[in-house]
Trainee: 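Quick one: the structure is below, questions incoming.
The sequence lines fix the lettering, A, B, ..., with proteins before strands; numbering per chain opens at 1.
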Amino acid sequence: MSLMQDPKRYTVTAALPYANGPVHIGHLAGCYLPADIYVRFLRQNQKDVKFICGTDEHGAAINIKAQKEGISPQEVVDRYHGIIDQAFKDFGIDFDIFSRTSKEVHHKTAQDFFLKLHEQGAFEEQTTEQYFDPEAQQFLADRFIVGQCPNCGFEEAYGDQCENCGSTLSANELINPKSRLSGSAPVKKETKHWFLPLNHLSGKIRNYIQAHKNWKPNVYGQCMSWLDSGDGLQARSMTRDLDWGIQVPLKDAEGKVLYVWFDAPIGYISATKELVGDDWTKYWQSDDTQLVHFIGKDNIVFHCIIFPALLMEHGGYHLPDAVPANEFLNLEGQKISTSRNWAVWLHEYLEDFPNQQDALRYALCANAPETKDNDFTWKDFQSRNNNELVAILGNFVNRVLVLMQKYYQGKIPAPDTLQAQDQEVLQNLTQAPNLIGEALGKFRFREAQTALMQLARAGNKYLAEEEPWKSVKTNPERTQTVMYVAAQVAAQLSQLMEPFLPHSAAKLRTYLNLPLLNWGQLEQQELLIPGHTVEKGALLFQKIEDAAIEAQREKLEASRKANAAAQYAPSKEPASFDDFTKMDLRVGEITQAQKVPKTSKLLKLEVNLGFEKRTIVSGISQFFNPDEIIGQKVVVLANLKPRKIKGIASEGMILMADDRSGNLHFATVAKEAEVGSTIS
RNA sequence: GGCGAGGUAGCUCAGCCGGUUAGAGCGCAGCACUCAUAAUGCUGAGGCCGCGAGUUCGAGUCUCGCCCUCGCUACCA
């Protein structure tokens with residue numbers, strides 16, 4: 001989506017951060033930094049733009065966090081809203097509004113939106129059985145149920161996933177489920193919910209997506225993948241049984257709230273209302289507005305399919321024009337993980353590197369995961385800062401300021417006749433705004449920032465070739481010309497840096513006594529007229545020493561060690577001898593093995609137990625080839641109730657050792673043990 | 001297993017509506033310079049463009065198959 005279409009105004013949103021934790025560099029690189037750069041660029045172009053964000057404060061995870069810490073959900077979201085808001089301010093992420101979904105205007109907006117859809121008959125009511133806590137008298141969201149993981153035996157698995165083995169679960173699969181509210185055993189009870197059927201919209205959605213073939217391949221591809229998937233688009237429940245969130249505005253909906261994924265994107269709309277009042281419709285319901293959603297790749301489906309579907313059903317809305325989703329940023333080769341504390345938190349970064357937010361902005365933009373997952377390393381961060389920001393950009397500016405002071409007491413000299421090389425540099429200056437602007441219009445932030453840096457490189461090259469420190473002794477007129485040209489480069493940099501490095505750009509402009517100019521004005525060559533005075537200034541960027549980098553790596557290393565230590569599965573509850581004797585454990589021998597078609601983990605085994613042969617389906621094919629395990633002696637749980645897996649009746653279970661890396665090994669017996677032997 | 005996105009110099013990444021000798025930054029090796037945070041500039045070495053077929057006068061660039069990484073999804077009792 002380029003600026004060429006020249007819409008009347010822009011609505012730019014950045015994904016609402018979830019208010020149950022602080023934000024880290026992955027969030028910044030993937031979403032907020034590119035959004036901020038884009039918006040600063042639009043503003044510098046005098047565009048009518050509203051940059052919208054805020055915290056997403058509903059949903060079960062916040063409830064849980066509150067319970068864990070013994071405080072109210074409101075206290076949780078208040079705390080993290082504050083931390084996140086401050087972090088964004090510190091990094092210069094310059095929203096027009098940073099709101100929150102707990103605001104009244106949002107509750108009202110979301111409820112009205114829901115009611116409109118309801119009146120239009122957009123929802124299907126469905127009654128299903130859900131777990132209900134009789135003691136707390138409420139239905140339990142998946143995350144409110146704990147129980148034993150059917151995969152790994154972990155006792156504290158949640159109803160949506162097991163944090164020990166990482167598998168995705170449904171609450172019905174948990175063994176001995178317990179309510180996290182009261183600790184009591186939940187009962188199944190019927191409950192009604194409002195589903196948005198997406199299937200009848202699939203044609204419209206497909207047309208909408210296909211009208212945007214220019215979207216990034218990762219975004220377009222994932223949308224089409226959803227539309228083309230075998231089952232098509234499924235109906236999704238837009239409500240939940242929960243007491244934290246936005247009440248479903250219907251009579252028969254006591255204790256039910258809007259699903260966070262319904263309410264969160266509407267938060268963009270509410271925040272716009274809060275910001276501009278009745279004018280909000282211009283930013284959401286007018287086709288001469290360009291609507292851009294910056295998100296991470298985890299949000300693609302919601303922003304490209306579900307949210308547009310909601311807007312379509314409601315009617316009257318302009319649909320998103322661009323969704324420049326980034327991929328993920330890894331940290332030192334590993335996935336960023338909040339729970340494993342494998343992250344660089346923004347607020348902590350600033351404690352360690354005060355006033356160096358532009359260094360991080362620069363490094364993250366230079367290495368942004370625009371087309372694929374990227375890796376952030378502290379060493380790369382250091383070299384970006386030291387070799388590029390300090391050595392190329394900062395150094396060039398400093399050279400100019402120092403020479404200007406030394407030769408002309410800060411007064412811009414009048415140029416003599418411009419030679420070819422002077423004109424070439426000046427021409428570079430007039431072309432740069434377009435070059436950078438075009439890249440930004442296409443959401444190519446790395447490319448844009450590289451073009452900016454090229455200008456500083458050109459400045460250094462120009463000084464090295466013209467050597468004003470030599471000519472000053474022999475040819476004052478020539479020196480004046482060279483310094484005049486060099487000063488123009490510094491001036492242009494102070495303007496073009498603004499979207500990327502706003503703090504340093506502002507500093508530089510004060511050194512140069514320049515205001516922030518419109519992007520359109522930057523094509524004029526003479527930003528600094530002869531006679532204009534510039535200040536002595538100071539260094540724009542600081543070098544980052546090895547010790548500081550080492551300290552950060554040690555911090556991560558500590559997390560790594562803590563994680564490794566915690567990786568043993570926790571001990572289980574005591575069991576009685578009776579419990580144990582219920583298990584019929586036998587020695588068996590694998591006599592046949594073959595892959596189950598269309599699965600990645602399953603092997604169909606035939607196991608000889610001596611008195612009979614059993615068919616057992618086992619999820620081990622990622623660790624063993626069928627051929628290799630024929631003849632393998634194994635321990636079999638023989639009296640496990642048979643169960644059909646992928647249409648095959650599995651009559652027992654092979655016992656496996658599951659190590660801390662998740663590798664499986666056979667629990668086995670001495671070779672001479674006879675098949676069919678009992679184990680006790 | 002299905003779907004999607006990637007696999008290009010030691011590292012991080014561009015390039016891909018097919019077209020002469022494949023690019024950038026960092027790192028590395030030389031040289032030059034000293035105004036500058038020992039900063040800068042120049043030159044150079046370094047690439048079976050994941051593997052194998054095919055289409056074409058011509059393929060990182062298109063088609064098919066395979067391998068690897070990441071994501072979604074099915075599956076593990």
Trainee: Figure out the CD1/P separation between A:Ile392 and B:rC26, and round it to whole Å.
Mentor: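 Taking CD1 of A:Ile392 and P of B:rC26, I get 6 Å after rounding.
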Trainee: How far, in whole Å, is B:rC64 from B:rG2 if one measures between their P atoms?
Mentor: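 One P to the other, the span is 15 Å.
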Trainee: Please list, for nucleotides 15-18 of chain B, all pairs of protein and nucleotide N/O atoms separated by less than 3.5 Å.
Mentor:
unit_1: B:rG15; atom_1: OP1; unit_2: A:Arg444; atom_2: NH2; d: 3.0

Trainee: Can you identify which nucleotide, out of B:rU40, B:rC70, B:rG27, has its nearest atom closest to the A:Asn387 side chain?
Mentor: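 Of the options given, the side chain of A:Asn387 lies nearest B:rG27.
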Trainee: Within the structure shown, what part of the strands sits under 4.0 Å from A:Glu370 by heavy-atom distance: base, sugar-phosphate, or nothing?
Mentor: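 It contacts nothing in the nucleic acid.
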Trainee: May I ask which nucleotide in the shown strands pairs with B:rA59, Watson-Crick or G-U wobble, both distances under 3.5 Å?
Mentor: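 Answer to the pairing question: none, since B:rA59 forms no Watson-Crick or G-U pair.
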Trainee: If you measure only the distance, is there a donor-acceptor pair under 3.5 Å linking the side chains of A:Asp422 and A:Tyr462?
Mentor: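 Yes, A:Tyr462 and A:Asp422 have a side-chain donor paired with an acceptor closer than 3.5 Å.
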Trainee: Taking CD in A:Glu424 as the centre, count heavy atoms belonging to other residues, nucleotides or ligands within less than 6.0 Å. Is the count above 12?
Mentor: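 Atom CD in A:Glu424 is not packed in, count stays at 12 or less.
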Trainee: Just compare B:rU8, B:rG4, B:rU40 and give me whichever is closest to any side-chain atom of A:Gln222.
Mentor: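 The answer is B:rG4, which lies nearest to the side chain.
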Trainee: Name the pairing partner of B:rG23, where a pair is Watson-Crick or G-U wobble with both distances under 3.5 Å, or state none.
Mentor: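 Its partner is B:rC13 (Watson-Crick or G-U wobble, both distances under 3.5 Å).
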Trainee: Which of the following nucleotides, B:rG7, B:rA5, B:rC70, is nearest to the side chain of A:Asn218?
Mentor: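 When the side chain of A:Asn218 is considered, B:rA5 is the closest of B:rG7, B:rA5, B:rC70.
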Trainee: Does B:rG60 fall in syn (glycosidic angle within 90° of 0) or anti?
Mentor: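 That one's syn.
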Trainee: B:rC76 C1' sits how many Å from A:Met653 CE, rounded?
Mentor: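 Taking CE of A:Met653 and C1' of B:rC76, I get 9 Å after rounding.
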Trainee: Please report the distance separating the P of B:rG50 from the corresponding atom of B:rA39, rounded so that it comes out in whole Å.
Mentor: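 Looking at atom P only, B:rG50 and B:rA39 are 36 Å apart.
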Trainee: With P as the reference atom in both, quote the distance from B:rC16 to B:rC62 in angstrom, rounded to an integer.
Mentor: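 Comparing P positions in B:rC16 and B:rC62 gives a spacing of 10 Å.
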Trainee: Regarding A:Ile645, tell me which of base, sugar-phosphate or nothing describes its non-hydrogen contacts under 4.0 Å with the strands shown.
Mentor: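 Here A:Ile645 touches the backbone only, sparing every base.
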Trainee: Between A:Asn387 and A:Gln382, is any side-chain donor less than 3.5 angstrom from a side-chain acceptor?
Mentor: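 No donor-acceptor contact under 3.5 Å links the two side chains.
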Trainee: Pick base, sugar-phosphate or nothing for A:Lys601, based on heavy-atom distances below 4.0 Å to the nucleic acid.
Mentor: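 Touches a base.
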Trainee: Between B:rG27 and B:rC67, how far apart are the P atoms? Round to whole Å, please.
Mentor: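 Taking atom P in both B:rC67 and B:rG27, they lie 39 Å apart.
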Trainee: With respect to A:Cys365, which candidate in A:Thr450, A:Leu360, A:Leu452, A:Leu33 satisfies the side-chain contact (heavy atoms from CB on, under 4.5 Å) definition?
Mentor: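 Result: among A:Thr450, A:Leu360, A:Leu452, A:Leu33, A:Leu33 is the only option passing the side-chain contact (heavy atoms from CB on, under 4.5 Å) with A:Cys365.
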Trainee: Decide yes or no for A:Leu429 and A:Val489: does some side-chain heavy atom of the first lie under 4.5 Å from some side-chain heavy atom of the second?
Mentor: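 Side chain of A:Leu429 against side chain of A:Val489, heavy atoms only: contact under 4.5 Å found.
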Trainee: Considering every strand shown, what is the Watson-Crick or G-U wobble mate of B:rA29 when both distances are under 3.5 Å?
Mentor: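 For B:rA29, the partner nucleotide comes out as B:rU43, under the 3.5 Å rule.
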Trainee: Out of B:rA74, B:rG41, B:rU8, which nucleotide sits closest to the side chain of A:Lys461?
Mentor: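 Taking heavy atoms from C-beta onward, the closest nucleotide is B:rG41.
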Trainee: Of the non-hydrogen atoms in A:Val596 and A:Leu603, which two are nearest, and what is the gap between them?
Mentor: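 Of all heavy-atom pairs spanning A:Val596 and A:Leu603, the closest is CG2-C, 4.0 Å.
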Trainee: Rounding to an integer number of Å, can you tell me how far A:Leu364 CG sits from B:rG25 P?
Mentor: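 Checked: the CG to P distance equals 21 Å.
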Trainee: Do A:Tyr362 and A:Gln449 meet the criterion of a side-chain donor-acceptor pair at a distance under 3.5 Å?
Mentor: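 No - no donor-acceptor pair under 3.5 Å links their side chains.
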Trainee: If I take atom CH2 in residue A:Trp226 and atom P in nucleotide B:rA5, what distance separates them, rounded to the nearest angstrom?
Mentor: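 Rounded to whole Å, this separation is 16 Å.
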Trainee: Among B:rA5, B:rG25, B:rC75, find the nucleotide with the atom closest to the side chain of A:Lys646.
Mentor: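 Taking heavy atoms from C-beta onward, the closest nucleotide is B:rC75.
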Trainee: Applying the Watson-Crick and G-U wobble criteria at under 3.5 Å, what pairs with B:rC75? Answer none if nothing qualifies.
Mentor: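 Result: none.
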Trainee: Taking all atoms of both residues into account, what is the closest heavy-atom pair of A:Glu606 and A:Lys613, and its distance?
Mentor: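 Closest pair (atom of A:Glu606, atom of A:Lys613, distance): OE2-CD, 3.6 Å.
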Trainee: How long is the line joining CD of A:Gln454 and P of B:rG25, in whole Å?
Mentor: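 After rounding, the gap between these two atoms is 7 Å.
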Trainee: At under 4.0 Å between heavy atoms, what does A:Asp375 touch on the DNA or RNA strands: base, sugar-phosphate, or nothing?
Mentor: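 Counting heavy atoms under 4.0 Å across all strands, the contact made by A:Asp375 is with sugar-phosphate only.
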Trainee: Answer with base, sugar-phosphate or nothing: what part of the nucleic acid does A:Ser618 contact at a heavy-atom distance below 4.0 Å?
Mentor: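 The residue A:Ser618 makes sugar-phosphate contact but no base contact.
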Trainee: For A:Glu327 and for A:Lys641, locate the closest nucleotide of RNA chain B by heavy-atom distance; then report the residue assigned to the nucleotide nearer the 5' terminus.
Mentor: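 The residue whose closest nucleotide sits nearer the 5' end is A:Glu327.
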Trainee: Sticking with atom P, work out how far B:rU55 lies from B:rU63, rounded to a whole angstrom.
Mentor: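 B:rU55 and B:rU63 have their P atoms separated by 15 Å.
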Trainee: B:rA39 C1' sits how many Å from A:Ile544 CD1, rounded?
Mentor: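 Checked: the CD1 to C1' distance equals 16 Å.
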Trainee: Between A:Ser504 and A:Phe541, does a side-chain contact (heavy atoms from CB on, under 4.5 Å) hold up when you go through it step by step?
Mentor: CA-CA 8 Å; A:Ser504 320; A:Phe541 304 103; 3.1 Å; yes
Trainee: Looking only at the side chain of A:Lys297 (C-beta and beyond, no hydrogens), which of the listed nucleotides B:rC26, B:rU12, B:rC70 gets closest?
Mentor: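 Of B:rC26, B:rU12, B:rC70, B:rC70 is nearest to the side chain of A:Lys297.
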Trainee: Does A:Lys536 qualify as a cation-pi partner of A:Tyr511, given the criterion of NZ or CZ under 6.0 Å from the six-membered ring centre and within 45 degrees of its axis?
Mentor: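 Checked: cation-pi criterion not met.
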Trainee: Run the side-chain contact (heavy atoms from CB on, under 4.5 Å) test on A:Arg384 and A:Leu389 for me, step by step, so that the C-alpha distance in whole Å, both residues' side-chain angles and the decisive distance to 0.1 Å come before the verdict.
Mentor: CA-CA 7 Å; A:Arg384 292 275 181 203; A:Leu389 275 187; over 6 Å; no
Trainee: Judged by each residue's nearest nucleotide on RNA chain B, which is more toward the 5′ side, A:Glu465 or A:Ala368?
Mentor: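 Counting from the 5' end, the first nearest nucleotide belongs to A:Ala368.
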Trainee: For A:Asp373 and B:rA5, give me the distance from atom CG to atom P, rounded to whole Å.
Mentor: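 Interatomic distance, CG of A:Asp373 to P of B:rA5: 14 Å.
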Trainee: Under a plain distance cut-off of 3.5 Å, with no hydrogens placed, do A:Thr481 and A:Asp416 share a side-chain donor-acceptor pair?
Mentor: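 A:Asp416 vs A:Thr481: no donor-acceptor pair found between side chains.
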Trainee: Where do N or O atoms of nucleotides 43-46 of chain B meet protein N or O atoms at under 3.5 Å, pair by pair?
Mentor:
none

Trainee: Tell me the interatomic distance from A:Glu466, atom CD, to B:rC42, atom P, rounded to whole angstroms.
Mentor: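 About 13 Å, once rounded to whole Å.
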Trainee: Does a donor on one side chain sit under 3.5 Å from an acceptor on the other, for A:Asn218 and A:Glu327?
Mentor: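 Side chains of A:Asn218 and A:Glu327: pair found under 3.5 Å.
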Trainee: If the P atom of B:rA24 is compared with that of B:rG47, how far apart are they to the nearest Å?
Mentor: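 To the nearest whole Å, 15 Å.
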Trainee: Go through the side-chain N and O atoms of A:Asp352 and A:Gln552 and say whether any donor and acceptor fall under 3.5 Å apart.
Mentor: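 Yes, a side-chain donor-acceptor pair sits under 3.5 Å.
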Trainee: Between the side chains of A:Lys470 and A:Asn475, does any donor sit under 3.5 Å from an acceptor?
Mentor: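 There is no such pair between these side chains.
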Trainee: Between B:rG44 and B:rG6, how many Å separate the two P atoms, rounded to a whole number?
Mentor: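 It comes out at 33 Å once rounded to the nearest Å.
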Trainee: Would you give a per-nucleotide map of nucleotides 28-37 of chain B, 5' to 3', where B means the base has a protein non-hydrogen atom under 4.0 Å away, S means only the sugar-phosphate does, and - means neither?
Mentor: -----SSBBB
Trainee: C1' atom, B:rA9 versus B:rC28: distance in rounded Å?
Mentor: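 Those two atoms are separated by 12 Å.
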Trainee: A:Asn367 side chain: which of B:rC75, B:rG4, B:rU12 is closest?
Mentor: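 Nearest listed nucleotide: B:rU12.
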Trainee: Let's test this: given Watson-Crick or G-U wobble pairing with both distances under 3.5 Å, identify the partner of B:rG65.
Mentor: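 Per the H-bond distance test, B:rC51.
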